Amino acid sequence: MPTPSHRDDLTPLERAFFARPPQRVARALLGKVLVRQDKNEFLTGRIVETEAYLGKDDPASHSAAGNTARTAVLFGPPGHAYVYFIYGNYYCLNVSCERDGKAGGVLFRALEPLFGSEQMAQKRKVALATTRDLLKLTSGPGRLAQAFGITRARDNGCDLTSDTSGLWIARDNFRAGKVGISARIGITKAVDDPLRFFLSGNPFVSGPKNQPARPKTR
DNA sequence: ATATCGATTATCT
DNA sequence: GATAATCGATATG
């Protein structure tokens, strides 16, 4: 298995990074790196789009339904993976925020592939004929989970601050540029809250274009 | 026990 | 731009 030379730079973020309100974590995660490593694969991607889901008071959040078997990770300690299954087809990856007992999370909406795009394409079952095809790998929450082999059975509850978990979040020398903010995508409650964050102009951000601050005028 | 619906995506027109 | 696909969690009876 090939291993990139920058492997040693991908030290996991500390847990304190996630022990904050989701809005702040979502913003701070832009430009960080998601890493998947196990015996047979090494994949990395730059985080370019996130959404914050607040605690029980956020009607769009899964934690609004309370602490259930499904949402327990959101109420647990920060820095852990909350993976849920959606629309009968896809998984989505979140990281828990706040301190133990208070719900909150950040949804990973899009990555820019850094290493392992061939393996991502295999998992996604798409051909990499042109550079445009790279956009199909990790632009969208369901897509990036598929590209990284993320499932609920495998990854829900795993510690994203430990490189022994096989999935973690790291910092490198990259500096985020201009950050765009908009309403969250695909929800039907609290639709106007500006809780989506993305690197302005980055082509891997999901959506038709980069969503405007106001999704629709009326 | 059954019905509804979703933090999506691919594939049409 | 619109819609089908697909199934687990949740709500309702």
Side-chain angles (χ1 to χ4, degrees), chain A residues 18 21-23 25-27 29-30 34 45 47-75 80-98 103-111 113 120-130 132-157 160 180-198 203-212 215-218:
Chain A
F18 301 100
Q23 308 94 300
V25 177
R27 166 67 180 78
L29 277 175
L30 295 176
L34 182 68
I47 299 167
V48 301
E49 179 186 356
T50 58
E51 280 177 358
Y53 285 86
L54 313 185
K56 289 192 287 192
D57 295 334
D58 178 4
S61 170
H62 290 179
S63 60
N67 189 341
T68 67
R70 181 196 190 200
T71 61
V73 176
L74 290 173
F75 288 83
H80 291 259
Y82 168 58
V83 181
Y84 66 88
F85 187 58
I86 189 69
Y87 293 117
N89 276 311
Y90 298 96
Y91 293 95
C92 293
L93 172 70
N94 299 247
V95 59
S96 61
C97 302
E98 303 283 9
V106 171
L107 170 69
F108 291 72
R109 283 203 58 93
L111 308 173
M120 296 182 201
Q122 273 192 311
K123 293 177 188 298
R124 289 273 300 124
K125 294 176 180 163
V126 300
L128 282 185
T130 71
R132 285 177 87 83
D133 292 328
L134 286 172
L135 296 172
K136 302 175 189 170
L137 295 181
T138 52
S139 292
R143 288 171 165 182
L144 75 88
Q146 194 171 50
F148 275 62
I150 293 166
T151 65
R152 179 172 165 82
R154 182 181 182 187
D155 299 301
N156 189 55
L160 295 176
I181 304 176
S182 81
R184 295 173 292 187
I185 292 178
I187 57 172
T188 59
K189 298 168 184 169
V191 293
D192 290 330
D193 292 0
L195 293 174
R196 173 172 173 259
F197 304 84
F198 54 93
F204 293 91
V205 172
S206 73
K209 308 174 211 166
N210 289 5
Q211 292 250 323
K216 285 187 177 177
T217 59
R218 45 163 300 160

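All of these numbers come straight from a predicted model, not from anything done at the bench.
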Would you check if the side chain of A/D58 reaches a backbone N or O of A/Y53 as a donor-acceptor pair within less than 3.5 Å?
no
Could you check whether A/Y90 gets within reach of a base, just the sugar-phosphate, or nothing at all, counting any heavy atom under 4.0 Å?
base
OP1 or OP2 of B/dT8 versus the side-chain N and O atoms of A/R109: is any pair under 4.0 Å?
yes
Smallest separation among heavy atoms of A/A121 and A/L137, with atom names:
CA-CD2, 3.5 Å
Any side-chain N or O of A/R143 less than 4.0 Å from the OP1 or OP2 oxygen of B/dA10?
yes
For the residue pair A/V205 and A/V48, what are the closest heavy atoms and their distance?
CG2-O, 3.7 Å
Is there a donor and acceptor pair, one atom on the side chain of A/Y84 and one on the base of B/dA7, closer than 3.5 Å?
yes
Out of C/dA5, B/dA7, C/dG8, whichever nucleotide has its closest atom nearest the side chain of A/N89
C/dA5
Only counting residues at least two apart or in another chain, list the ones meeting ring-ring contact (aromatic ring centres under 6.0 Å, His included) with A/F85.
A/Y91
Rounded interatomic separation in angstrom, taking CD from A/E51 and P from B/dG6
15 Å
Let me know the distance between CG of A/D193 and P of B/dA7, rounded to the nearest Å.
15 Å
Please report, rounded to the nearest Å, how far the C1' atom of C/dG8 is from the OH atom of A/Y87.
13 Å
Looking at every heavy atom in both A/G105 and A/P22, which two are closest together, and how far apart are they?
O-CB, 3.5 Å
Which part of the nucleic acid, if any, lies within reach of A/G142 when heavy atoms closer than 4.0 Å are counted: base, sugar-phosphate only, or nothing?
sugar-phosphate
Spacing between A/L74 atom CG and C/dA9 atom P, to the nearest angstrom:
14 Å
Hey, which sits more toward the 5' end of DNA chain B by its nearest nucleotide, A/K136 or A/T188?
A/T188
Under 3.5 Å, is there a donor-acceptor pair between the side chain of A/S96 and the main chain of A/H80?
yes
Between P of B/dG6 and CZ of A/R184, the distance in whole Å:
14 Å
Atom CD1 of A/I86 and atom C1' of C/dA5 are separated, to the nearest Å, by 13 Å
Nearest-Å distance for atom pair CD1/P, residues A/I185 and B/dT8:
8 Å
Sub-3.5 Å donor-acceptor pair from the side chain of A/E51 to the main-chain atoms of A/I185, do we have one?
yes
Hey, does the side chain of A/R196 reach the backbone of A/E49 with a donor-acceptor pair shorter than 3.5 angstrom?
no
Can you check the distance between C/dT3 and B/dC5, where both ends of the measurement are the C1' atom (answer in whole Å)?
16 Å
Contact residues, residues 53-72 of chain A to DNA chain C [heavy atom, < 4.0 Å]
A/T68, A/R70
Take atom NZ of A/K189 and atom P of B/dA7, then tell me their distance rounded to the nearest Å.
8 Å
Verify, without hydrogens or angle tests, whether A/R124 (side chain) and A/M120 (backbone) share a donor-acceptor contact under 3.5 angstrom.
no
How does DNA chain B look in dot-bracket notation if pairs are Watson-Crick or G-U with both distances under 3.5 Å, crossing ones as [ ], other-strand ones as |?
||||||.|||||.
Shortest non-hydrogen contact from A/R184 toward A/A60:
NH2-CB, 3.6 Å
